[in-house]
Q: 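Let me begin by handing over the structure; questions about it come next.
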Amino acid sequence: MATRRRGYEVGLMILLSLAFGFVFFDRNALNFLAPFVAPDLHLSNTQVGMVSAGFSFAWAIAGYLGGALSDATGRRKPFLLGAFLIFSLCSCLSGLATSYAALLASRILMGLSEGPIMPVMQSLVVAESSASRRGLNMGFVQNFGSNLIGSTAAPLVLVAIAANNTYRYLANSPRRHPPVVRVSCLTLGL
């Protein structure tokens with residue numbers, strides 16, 4: 001039984017870490033793609049900054065409120081799943097934005113949906129980790145995926161794609177890419 005429990009714990013931590021890595025990939029995407037997006041949408045540097053600030057402010061407020069709501073209801077996994085679904089939809093909206101207002105609104109909504117993800121994940125980590133592995137698991141979930149996928153892979157992948165095509169390329173050419181790439185790029189709003 002302990003082996004099965006450990007397998008579940010390790011599997012869950014890997015899943016949560018990878019999931020947060022894709023959240024961070026998406027969170028950072030606009031920052032890396034700003035040189036490509038700004039001219040397309042005729043954004044000033046101030047507007048690019050406002051989009052990032054609006055997203056971050058919404059993330060911060062939603063993290064606090066979403067974490068509190070999850071604690072109050074005692075529901076973690078459904079709350080997390082809902083946040084991922086909403087953030088994915090908002091990500092698609094940001095990829096379809098054709099104006100500053102649409103981009104700002106979609107990124108603020110995305111920040112509101114992404115904000116609760118880490119606090120709820122941390123609650124799951126505490127609940128599902130053995131006492132001797134809580135710190136290890138929290139560090140792994142919060143840092144491994146976000147830094148490896150969101151901060152290391154994201155700039156390399158996104159800028160290479162945008163520099164060689166357009167930042168909307170993958171979403172607009174579905175037959176050229178494997179399904180997992182298409183789904184990932186549509187989810188990320190590329």
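Residues: numbered from 1 along the sequence shown. Model, not experiment: these values are computed from the prediction.
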Q: Answer with yes or no whether the hydrophobic clustering places V126 together with I117; edges join I, L, V, M, F, W, Y residues whose side-chain heavy atoms lie under 4.5 Å apart.
A: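 Shared cluster, yes.
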
Q: Between the side chains of S70 and R76, is a donor N or O closer than 3.5 angstrom to an acceptor N or O?
A: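 Yes.
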
Q: For residues L158 and F36: do they belong to one hydrophobic cluster (side chain heavy atoms under 4.5 Å, members Ile, Leu, Val, Met, Phe, Trp, Tyr)?
A: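 Same cluster: L158 reaches F36 through Ile, Leu, Val, Met, Phe, Trp or Tyr contacts under 4.5 Å.
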
Q: Of all the heavy-atom pairs spanning A34 and P39, show the shortest one and how long it is.
A: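 Smallest heavy-atom distance, with atoms named: O-CD, 4.0 Å.
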
Q: Is the backbone N or O of S106 less than 3.5 Å from a side-chain atom of S94, with the two atoms forming a donor-acceptor pair by type?
A: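 Side chain of S94 to backbone of S106, a donor-acceptor pair under 3.5 Å: no, none is there.
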
Q: Got M50 and Y100 here, is their nearest side-chain heavy-atom distance under 4.5 Å?
A: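 Yes, their side chains come closer than 4.5 Å.
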
Q: Locate the shortest heavy-atom distance separating R5 from S129; write the atom from each residue and the value.
A: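 Closest approach of R5 to S129, heavy atoms only: NH2-N, 4.3 Å.
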
Q: Could you report the tightest heavy-atom contact between I149 and F25, atom names first, then the distance?
A: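 It is O-CD1, 3.5 Å.
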
Q: Within 45° of the ring axis of F24 and under 6.0 Å from its six-membered ring centre, is that where the NZ or CZ of R27 lies?
A: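 Here R27 passes the 6.0 Å and 45° test against F24.
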
Q: Nearest 0.5 Å, what's the CZ-CG distance between F144 and L16?
A: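 It is 14.0 Å, given to the nearest 0.5 Å.
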
Q: Looking at L104, T46, I108, L41, which hits side-chain contact (heavy atoms from CB on, under 4.5 Å) with V51?
A: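 For V51, the side-chain contact (heavy atoms from CB on, under 4.5 Å) check succeeds only for L104.
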
Q: Could you please spell out the steps behind the side chain to side chain contact (heavy atoms under 4.5 Å, CB included) verdict for R134 and V125?
A: CA-CA 7 Å; R134 283 190 186 127; V125 169; 5.7 Å; no

Q: Roughly how far apart are L124 CG and M118 CE, rounded to 0.5 Å?
A: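 Here the interatomic distance stands at 11.0 Å.
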
Q: For residues L109 and Y64: do they belong to one hydrophobic cluster (side chain heavy atoms under 4.5 Å, members Ile, Leu, Val, Met, Phe, Trp, Tyr)?
A: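 No; Y64 is not reachable from L109 via cluster members.
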
Q: So L112 and F87, side chain to side chain contact (heavy atoms under 4.5 Å, CB included) or not? Walk me through it.
A: CA-CA 8 Å; L112 290 172; F87 120 70; over 6 Å; no

Q: Drop me the distance from D40's CG to L33's CG, to the nearest 0.5 angstrom.
A: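 These two atoms lie 11.0 Å from each other.
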
Q: Please collect all side chain to side chain donor-acceptor pair (under 3.5 Å) contacts where either partner lies in residues 147-162, sequence neighbours excluded, each pair once.
A: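 Sorted result for residues 147-162: empty, none.
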
Q: Is the shortest side-chain N to carboxylate O distance from R107 to E114 below 4.0 Å?
A: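 Between E114 and R107 there is no salt bridge, as every charged N stays at least 4.0 Å from the carboxylate O atoms.
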
Q: Do the non-hydrogen side-chain atoms of L81 and K77 ever get within less than 4.5 Å of each other?
A: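 Side chain of L81 against side chain of K77, heavy atoms only: no contact under 4.5 Å found.
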
Q: Can you name the nearest heavy-atom pair linking S91 to M110, along with the distance?
A: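 Scanning both residues, the minimum pair turns out to be CA-CE, 3.5 Å.
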
Q: Taking the side chain from N28 and the backbone from G150, do they hold a donor-acceptor pair closer than 3.5 Å?
A: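 Yes; judged by distance alone, with no hydrogens or angles, the pair exists.
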
Q: Taking atom CZ as the centre, does F140 end up with more than 12 heavy-atom neighbours from other residues, nucleotides or ligands that are less than 6.0 angstrom away?
A: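 Counting other residues, nucleotides and ligands, CZ of F140 exceeds 12 neighbours.
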
Q: Any chance you could measure F22, atom CZ, to S17, atom OG, to the nearest 0.5 Å?
A: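 Between F22 CZ and S17 OG, I get 10.5 Å after rounding to 0.5 Å.
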
Q: Measure the CD-OH distance between E128 and Y8 for me, rounded to the nearest 0.5 Å.
A: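 Atom-to-atom, E128:CD and Y8:OH are 4.0 Å apart.
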
Q: Looking at every non-hydrogen atom in both residues, tell me the closest pair between A62 and G111 and how far apart they are.
A: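 Distance-wise, the nearest heavy atoms are CB-O, 4.0 Å.
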
Q: Working to the nearest 0.5 angstrom, can you tell me the gap between L18 CG and S146 OG?
A: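 Going from CG on L18 over to OG on S146, the span is 11.0 Å.
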
Q: Determine whether R133 and M13 satisfy the following criterion, side chain to side chain contact (heavy atoms under 4.5 Å, CB included), listing intermediate values before the conclusion.
A: CA-CA 11 Å; R133 294 175 51 94; M13 298 313 132; 5.9 Å; no

Q: Name all pairs fulfilling the ring pair (Phe, Tyr, Trp, His ring centres under 6.0 Å) condition that reach into residues 102-139, sequence neighbours left out, sorted by first residue then second.
A: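 Sorted pair list comes back empty.
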
Q: Pair L30, L103 - check side chain to side chain contact (heavy atoms under 4.5 Å, CB included), show working.
A: CA-CA 10 Å; L30 185 60; L103 183 62; 4.2 Å; yes

Q: So, does Q122 use its side chain to make a donor-acceptor pair with the main chain of M138 at under 3.5 Å?
A: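 Checked: no pair found.
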
Q: Heavy atoms only: give me the nearest G66-V120 pair and the separation to one decimal.
A: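 Scanning both residues completely, I find the closest heavy atoms to be O-CG2, 4.4 Å.
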
Q: Is V141 reachable from L15 through a run of I, L, V, M, F, W or Y residues, each pair having side-chain heavy atoms under 4.5 Å apart?
A: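 Different hydrophobic clusters.
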
Q: Does Q47 use its side chain to pair, donor to acceptor, with the backbone of S44 at less than 3.5 Å?
A: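 The answer is yes, because a donor-acceptor pair under 3.5 Å joins these two groups.
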
